Amino acid sequence: MALTRDDVVDAAVDLLAEVGLEGLSLRRLARELGVSAPTLYWHVADKRTLLDHVAERLLVDQWQVTPLAPGEDWAEWLRERATRQYRALVTHRDAARVLAGNRPTEAAMPAVEQVLGTLVGAGFAPTEAFAAIQAVGNLVIGSALEYQAERERDAGHHGDPAAHDPVRFPQHAALAAVLADRPGHGADHDALFRHGLDLMIAGLRVQQAGAVARTG
């Protein structure tokens, strides 16, 4: 049976889970598929293009966008989408690194169009809507990246002991004492993501109200 692009992407997703982004190369992928490296170029132009398709596959559920229902709050709709994307990213190894720098594939474009259209329909100018999507996306990716990077750290390594000196750094020392009582002795990355998203949604509400007032 002839190799398809879906076969290539499926194998890349499996290899990513096994060896991480650093270990995912076209050469190794070709070896896993039992083909020559040049054969892959019939399906993906380069590694970055491959990663665009891998990102699409990892977030496949995110591309099925439910339109804003009558009376539904656009900001809560956007919050739900961002939260779902964050959950999807932290579930898959190195998914945040794959998504960073991603360009939407043709299959993902209807979802992008839907989100843009929803924000424009809420009163944002097209450039404001695009900037909002980028800002929320950056928060999602950055939060997921921190979450996974923290999990990869040595559980017993809490940084330079000098950073906890209560004389030189009293605020940090006080904070460290509070965090020490938490499970894992560290920041709650899920809570930090939600806090950051709350702040961003609040700011977008202000911007949207101003946009509606200008055009009204």
Side-chain angles (χ1 to χ4, degrees), residues 5-6 9 13 16 21 48-151 187-216:
R5 188 171 68 189
D6 281 343
V9 176
V13 169
L16 177 71
L21 186 57
R48 182 62 259 181
T49 303
L50 172 66
L51 293 181
D52 287 344
H53 288 288
V54 169
E56 174 195 322
R57 186 64 52 83
L58 292 176
L59 298 177
V60 62
D61 292 340
Q62 308 305 309
W63 308 128
Q64 306 301 317
V65 181
T66 302
L68 195 68
E72 185 177 5
D73 180 26
W74 64 268
E76 292 307 313
W77 179 87
L78 184 63
R79 183 199 303 277
E80 175 62 21
R81 282 198 50 78
T83 302
R84 288 176 56 201
Q85 188 175 75
Y86 170 77
R87 293 294 177 203
L89 289 181
V90 299
T91 300
H92 299 283
R93 181 177 181 180
D94 285 344
R97 295 177 63 197
V98 171
L99 192 61
N102 166 256
R103 293 295 179 271
T105 63
E106 182 179 356
M109 282 305 298
V112 177
E113 182 72 13
Q114 179 70 63
V115 177
L116 274 172
T118 298
L119 294 184
V120 170
F124 289 94
T127 52
E128 292 173 334
F130 177 73
I133 292 172
Q134 289 289 98
V136 172
N138 289 344
L139 172 67
V140 169
I141 292 172
S143 297
L145 185 61
E146 281 292 330
Y147 175 95
Q148 293 185 324
E150 186 68 22
R151 290 183 58 142
D188 182 340
H189 289 282
D190 287 348
L192 288 173
F193 166 70
R194 292 192 299 271
H195 178 65
L197 186 58
D198 285 346
L199 293 176
M200 190 164 287
I201 292 295
L204 288 173
R205 286 190 186 280
V206 173
Q207 186 181 40
Q208 183 261 0
V212 171
R214 288 194 302 273
T215 58

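Keep in mind that what you see is a predicted model, and the values were worked out from it rather than measured.
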[X] side chain to [Y] backbone, donor-acceptor under 3.5 Å:
X: Gln148; Y: Leu89; answer: yes
X: Trp77; Y: Val115; answer: no
X: Ser143; Y: Val140; answer: no

When rounded to the nearest 0.5 angstrom, what distance separates [atom1] in [X] from [atom2] in [Y]?
X: Arg97; Y: Ile141; atom1: CZ; atom2: CD1; answer: 13.0 Å
X: Leu16; Y: Arg57; atom1: CG; atom2: CZ; answer: 12.5 Å
X: Asp73; Y: Glu80; atom1: CG; atom2: CD; answer: 12.5 Å
X: Glu106; Y: Asp52; atom1: CD; atom2: CG; answer: 13.5 Å
X: Leu197; Y: Leu192; atom1: CG; atom2: CG; answer: 12.5 Å
X: Arg103; Y: Thr49; atom1: CZ; atom2: OG1; answer: 11.5 Å

Please tell me whether Asp190 and Tyr147 have a donor and an acceptor in their side chains that are separated by less than 3.5 angstrom.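 Short answer, no.
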
My understanding is that only residues two or more places apart in sequence, or in another chain, count here; which of them pass salt bridge (Lys or Arg N to Asp or Glu O under 4.0 Å) with Glu76?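 Residues passing salt bridge (Lys or Arg N to Asp or Glu O under 4.0 Å) with Glu76: Arg79, Arg205.
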
Mind checking salt bridge (Lys or Arg N to Asp or Glu O under 4.0 Å) for Arg5 and listing every partner two or more places apart, or none if nothing turns up?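 For Arg5 there are no salt bridge (Lys or Arg N to Asp or Glu O under 4.0 Å) partners, ignoring immediate neighbours.
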
Heavy-atom side-chain proximity of Pro67 to Gln114 below 4.5 angstrom: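 In short, these two side chains touch, coming nearer than 4.5 Å.
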
Do Leu58 and Leu99 come close enough that some side-chain heavy atom pair is under 4.5 Å?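 Leu58 vs Leu99: side chains apart.
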
salt_bridge(Asp198, Arg194) N-O dist < 4.0 Å: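 Looking at Arg194 together with Asp198, the answer is no, because their closest N to O distance does not fall below 4.0 Å.
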
At their closest point, which heavy atom of Leu59 faces which heavy atom of Ala88, and how far apart are they?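 Closest approach of Leu59 to Ala88, heavy atoms only: CD2-CB, 3.4 Å.
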
Show the numbers, then the answer: is there a side chain to side chain contact (heavy atoms under 4.5 Å, CB included) between Arg48 and Leu51? CA-CA 5 Å; Arg48 182 62 259 181; Leu51 293 181; 3.4 Å; yes

Enumerate donor-acceptor pairs with a distance under 3.5 Å from any side-chain N or O in residues 119-134 to protein atoms, sequence neighbours excluded.
unit_1 : atom_1 : unit_2 : atom_2 : d
Glu128 : OE1    : Ala125 : N      : 2.9
Glu128 : OE2    : Arg214 : NH2    : 3.1

